[in-house]
Amino acid sequence: MDLKWDGYRVLAFTSVRRGGPFLLQSRKGSPIQDRFPDLVAAAVPLPPGLVLDGELLVLRGNGVMDFGALQRRGAASALGRVRTLAKAFPAHFVAFDVLQVEGRRVLAEPFERRRALLEGLFAGHAPGPPWTLCPSTRDRAVAREWLET
């Protein structure tokens with residue numbers, strides 16, 4: 001069981017070769033990386049050929065999710081406005097699944113195997129903020145506490 005987030009569900013794609021383009025795709029399939037240049041810049045240390053499934057968030061200084069700020073960022077199109085919003089409201093990506101590793105599709109693998117790959121990615125590459133591994137548990141009491149708090 002994973003936490004519930006208040007953001008945009010997105011896929012993040014690194015190029016199969018170092019230095020290639022980084023793409024963010026909305027749930028509806030639209031490319032949105034132009035609105036999140038801070039995430040594009042932060043994607044440089046991620047390994048090539050990676051596809052992550054996750055949630056795009058904006059957090060206030062106190063760590064509380066700010067969906068309104070995320071919506072403003074998602075709607076911005078003018079480059080100056082995009083940069084201003086990126087500086088004021090940095091984006092975060094919370095990864096909860098991995099769909100491709102080193103250019104190899106892993107979607108058909110059992111979730112436990114994909115979760116182990118995802119945890120290995122975060123342990124091995126330590127991408128750090130704004131990249132976060134979504135907490136996950138099989139303990140109902142822990143999940144209930146997450147839901148209630």
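These numbers come from the heavy atoms of this one structure, side chains and all, not from hydrogens, waters or symmetry mates. Just so it is clear, the structure is predicted and the values come from calculations on it, not from any experiment.
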List, by chain and number, the other hydrophobic cluster members for [X], where Ile, Leu, Val, Met, Phe, Trp and Tyr join if side-chain heavy atoms come within less than 4.5 Å, directly or indirectly.
| X | answer |
| --- | --- |
| L79 | none |
| V16 | none |
| L107 | L11, F13, L23, V51, L99 |

- Kindly write out the residues that satisfy side-chain hydrogen bond (donor to acceptor under 3.5 Å, both in side chains) with E112, not counting sequence neighbours, or none if the list is empty. R138
How many angstroms lie between atom [atom1] of [X] and atom [atom2] of [Y], to the nearest 0.5 angstrom?
| X | Y | atom1 | atom2 | value |
| --- | --- | --- | --- | --- |
| F89 | F36 | CZ | CZ | 12.0 Å |
| Q100 | D53 | CD | CG | 13.0 Å |
| T84 | R72 | OG1 | CZ | 12.5 Å |

- Query: Tell me the salt bridge (charged side-chain N to carboxylate O under 4.0 Å, His left out) pairs involving residues 78-98, sequence neighbours left out?
  - Reply: D97-R114
- Query: Does any pair with a residue in residues 20-41 pass salt bridge (charged side-chain N to carboxylate O under 4.0 Å, His left out), and if so which ones, sequence neighbours excluded?
  - Reply: D38-R73
Would you mind reporting whether [Y] and [X] have side-chain heavy atoms less than 4.5 Å apart?
| X | Y | result |
| --- | --- | --- |
| P48 | S15 | no |
| E119 | L133 | yes |
| I32 | L56 | yes |
| V98 | L121 | no |
| H92 | M65 | no |

Exercise: identify the closest heavy-atom pair between [X] and [Y]:
| X | Y | result |
| --- | --- | --- |
| V10 | S26 | CG1-CA, 4.3 Å |
| A43 | F22 | CB-CD1, 3.5 Å |
| F67 | G7 | CE1-O, 3.7 Å |
| P37 | V82 | CD-CG1, 3.5 Å |

- Query: Run the side chain to side chain contact (heavy atoms under 4.5 Å, CB included) check on L118 and L52 step by step: do they pass?
  - Reply: CA-CA 9 Å; L118 186 60; L52 296 174; 3.7 Å; yes
- Item | Donor-acceptor contact below 3.5 Å, side chain T14 vs main chain G49 | yes
- Message: Do V44 and L46 land in one hydrophobic cluster if side-chain heavy atoms of ILVMFWY residues count as linked below 4.5 Å?
- Response: no
- Task: Verify the neighbour count for atom CZ of R60: are there more than 12 heavy atoms of other residues, nucleotides or ligands below 6.0 Å?
- Result: yes
- Message: Check the orientation of F93 and W131. Use parallel for under 30°, tilted for 30 to 60°, and perpendicular for over 60°.
- Response: tilted
